Amino acid sequence: MKLNGSQSTLLIPWLLPMLLGLGTILGSALIVEGHVEMAALSFLMPWLVTLGALTICLPRLSFALLYVSTFLLPGLARYVDLPIPMGLILDLFILLNFLVLSIRYIAGGGWNKVIWNPFFICCVAWMIYCIFQIVNPYSTISNWATTVRNIGLHIVLFQLLVMFQLNSVKHVEAFLRLWAILVILAAIKALGQKFIGFDGPESHWLYTEGAHTHVIYSGVRYFSFFTDAANFGCHMGFAFVIFSTIAIMDRNNPFRLIYTLAAALALWGMFVSGTRAAIAIPFVGFSVLVLLLKEWKLLFMGAAILLGAFLFFYYTTIGNSIAEIRRMRTAFNLSQDASFQVRLENQAKMSVVLKSLPFGLGLGSSKHTDIQHPLYGTATDSSFVFIWVETGVVGLVFYVGICLLILAYGFYYSLFGINDQKLRIITMACTSGLAGIMVAGYGNEVLHQIPTGQTVYILMGILMIMPWMEREING
């Protein structure tokens, strides 16, 4: 019998109470017998079984769980010792998605075709290049295994999941709303850190692992439930460009208020993170958006706003009494920035070593060099420098080519390829946001961190299926 989601979900209202009743009886009996751990499992199992049933009935729920996990796992890791590495947990959620899709297919639910295009083919080629890095003699299998997922595998797997799970306008919009809600929650968490204070695990991390980079002369850098302030700040800048573009341009969107709130809180979060590279995201993102606008009036207005913002940061001292503005202002005077000069010195050192290593040190090696190695203790501090060190100049050219290719497609679709107004707004927002986060990727190592990297891959996938979705709309 063919599986039907709307009919299958009717099973859920009676499934959970029945399982809860059985779980309670069994759990109570186990507690009496003194088996506390087994009792806890008995109480938990009904919820897990019901969740499993729901994901099969509503397969996009598994994608939502995957994306929510990319936001919450880094913060959760501060409070509990995860039984397995965070990256492996994420892989299990990815596996769950493909498992649910396979079960749906076996039950007659259908399987959407892979939408082959030159960009996706290039990403598959990049994945293969990263997989073959396992034979790089300068790396180890364990280092390769911990790095290859975020760098090489996820860029393909998340695009496949976009094709299978977000293959309509309403599903793309549902993802954007989910992302907006998560951004709002992340900003609220940072608000709590700033105005209420850090809790015990956060304080421990802040004044141990994060002390060198997060407790600085200008004050504390806030990080919400992200891995660090750089990841948080760049992600907030990324979200600000996307959601402000949609909120401003799609005036009839019923969820415009959510996007507006997400954009406003994301802008605030970007500043309190103290991440100077993040300021490049709105400047670059909105500059790209101005170029994509076909109306001269909007083009000149956007250019004037960007110029005014630049003059404010570069030529004035207005707002210097506010630590966040004062720190962001230093990003406009890199010649006087000691941190930036150290990065240039490190890159010069790397250049000497990598001249004889066109394929790099191997995935996972840049942070695990031997104490005798000339690059021991040398921080990459940049996603592109990280790719250069680990995959060599060959890998860097390959990776930069992929970044430029997705932006080229974004420009083409925004200007000529997409006619539907709603899809064109999403296309312009994705293109602008991706341009901004890629520039920030030179200043910070954020393009492959959870959840920023996964969000980048999802938006790449959304961008590339836009023509297909427009054809579906037009019949």
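Computed from a predicted structure; not experimentally measured.
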- Counting distance only, does the side-chain N/O of Ser168 pair as donor-acceptor with the main-chain N or O of Met469 below 3.5 Å? no

Review item, side-chain donor-acceptor pairs of residues 65-73, under 3.5 Å, at least two apart:
residue : atom : partner : partner atom : Å
Tyr67   : OH   : Trp179  : NE1          : 3.4
Tyr67   : OH   : Thr455  : OG1          : 2.7
Ser69   : OG   : Leu65   : O            : 3.4
Ser69   : OG   : Leu66   : O            : 2.5
Thr70   : OG1  : Tyr67   : O            : 2.5

- Task: Determine the minimum heavy-atom distance between Gly233 and Thr275, stating which atoms define it.
- Result: CA-OG1, 4.1 Å

- Task: Would you check, one step at a time, whether the test side chain to side chain contact (heavy atoms under 4.5 Å, CB included) holds for Met163 with Phe120?
- Result: CA-CA 11 Å; Met163 296 175 194; Phe120 183 66; 3.8 Å; yes

- Message: Surrounding CD1 of Ile121 (heavy atoms of other residues, nucleotides or ligands, distance under 6.0 Å), is the total greater than 12?
- Response: yes

- Query: Is the shortest heavy-atom distance from the side chain of Ile155 to the side chain of Met460 under 4.5 Å?
  - Reply: yes

- Show the numbers, then the answer: is there a side chain to side chain contact (heavy atoms under 4.5 Å, CB included) between Leu176 and Ile426? CA-CA 10 Å; Leu176 291 173; Ile426 296 174; 4.3 Å; yes

- Query: In chain order, what residues pass the salt bridge (charged side-chain N to carboxylate O under 4.0 Å, His left out) check against Lys367, with sequence neighbours excluded?
  - Reply: Glu445

- Looking at Ser139 and Gly362, what are the two nearest heavy atoms and their distance? CB-CA, 3.8 Å

- Task: Taking ring pair (Phe, Tyr, Trp, His ring centres under 6.0 Å) as the test, write out the residues that go with Tyr129, two or more places apart.
- Result: Trp126

- Side chain proximity check, Leu459 to Phe175, heavy atoms < 4.5 angstrom: yes

- Item | Full working for ring-ring contact (aromatic ring centres under 6.0 Å, His included) between Phe243 and Phe255 | CA-CA 11 Å; Phe243 294 127; Phe255 301 97; over 10 Å; no

- Message: Counting C-beta onward and ignoring hydrogens, is there a side-chain heavy-atom pair between Gln454 and Leu90 closer than 4.5 Å?
- Response: yes

- Can you check whether Leu434 reaches Leu407 side chain to side chain, under 4.5 Å on heavy atoms? yes

- Query: Do Ile281 and Val439 come close enough that some side-chain heavy atom pair is under 4.5 Å?
  - Reply: no

- Task: Heavy atoms only: give me the nearest Leu405-Cys122 pair and the separation to one decimal.
- Result: CD2-SG, 3.9 Å

- Query: Would you say Cys403 and Phe384 make side-chain contact, with heavy atoms under 4.5 Å?
  - Reply: yes

- Query: Does Asn444 have any side-chain hydrogen bond (donor to acceptor under 3.5 Å, both in side chains) partners at least two apart in sequence or in another chain, and if so, which?
  - Reply: none

- Task: Drop me the distance from Thr391's OG1 to Leu357's CG, to the nearest 0.5 angstrom.
- Result: 11.5 Å

- Distance in Å, Ile188 CD1 paired with Phe225 CZ, rounded so as to fall on 0.5 Å steps: 9.0 Å

- Note on the structure: To the nearest 0.5 Å, atom CG of Leu354 lies from atom OG of Ser356 at 8.0 Å

- Across all chains, not counting sequence neighbours, the salt bridge (charged side-chain N to carboxylate O under 4.0 Å, His left out) partners of Glu390 are none

- Item | Taking every non-hydrogen atom, the tightest pair across Ala429 and Ile246 | CB-CG1, 4.0 Å

- Note on the structure: For residues 149-168, the salt bridge (charged side-chain N to carboxylate O under 4.0 Å, His left out) pairs (sequence neighbours left out) are Asp91-Arg149

- Is a donor on one side and an acceptor on the other found under 3.5 Å between the side chain of Ser224 and the backbone of Lys189? no

- Message: Is the shortest side-chain heavy-atom distance between Pro451 and Asn231 below 4.5 Å?
- Response: yes

- Query: Can you list every pair that meets salt bridge (charged side-chain N to carboxylate O under 4.0 Å, His left out) and has a residue in residues 226-244, with sequence neighbours left out?
  - Reply: none

- Task: Supply the atom-to-atom distance Ile94 CD1 to His154 NE2, rounded to the nearest 0.5 angstrom.
- Result: 3.5 Å

- About how many Å separate CG of Leu191 and CG of Leu185, when rounded to the nearest 0.5 Å? 11.5 Å

- Task: Just jot down the ring pair (Phe, Tyr, Trp, His ring centres under 6.0 Å) partners of Tyr413, sequence neighbours excluded, or say none.
- Result: Tyr409

- Item | Between OG on residue Ser62 and CG on residue Leu96, distance to nearest 0.5 Å | 5.5 Å

- Task: Please report the C-alpha distance between Leu375 and Ser366 in whole Å, then the side-chain angles of each, then the deciding distance to 0.1 Å, and finally whether the side chain to side chain contact (heavy atoms under 4.5 Å, CB included) criterion is met.
- Result: CA-CA 8 Å; Leu375 295 184; Ser366 65; over 6 Å; no

- Message: Main chain of Ser365, side chain of Asn143: is a donor-acceptor contact present, judged purely on distance under 3.5 Å?
- Response: no

- Task: Please tell me if the side chains of Phe164 and Asn97 come closer than 4.5 Å, counting only heavy atoms from C-beta onward.
- Result: no

- Item | Asn136 side-chain N/O to Leu363 backbone N/O, donor-acceptor pair under 3.5 Å | no

- Note on the structure: Looking only at heavy atoms, the pair that brings Pro74 and Thr227 closest together is CB-CG2, 3.7 Å

- State which residues pass ring pair (Phe, Tyr, Trp, His ring centres under 6.0 Å) with Trp205; sequence neighbours excluded, sorted by chain then number. His214, Phe223

- Sequence neighbours left out, what passes side-chain hydrogen bond (donor to acceptor under 3.5 Å, both in side chains) with Tyr399? Give chain and number order. His448

- Task: Walk me through it: do Leu178 and Phe63 pass the test side chain to side chain contact (heavy atoms under 4.5 Å, CB included)?
- Result: CA-CA 11 Å; Leu178 174 63; Phe63 185 83; over 6 Å; no

- Message: Test of understanding: with side-chain hydrogen bond (donor to acceptor under 3.5 Å, both in side chains), list the residues that count as partners of Tyr442, not counting sequence neighbours.
- Response: Gln347

- Message: How close do Leu447 and Ile437 get, counting heavy atoms only, and between which atoms?
- Response: CD2-O, 3.5 Å

- Query: For Tyr79, does the OH atom have more than 12 heavy-atom neighbours from other residues, nucleotides or ligands under 6.0 Å away?
  - Reply: yes

- Sequence neighbours excluded, the answer for side-chain hydrogen bond (donor to acceptor under 3.5 Å, both in side chains) partners of Arg78 is none

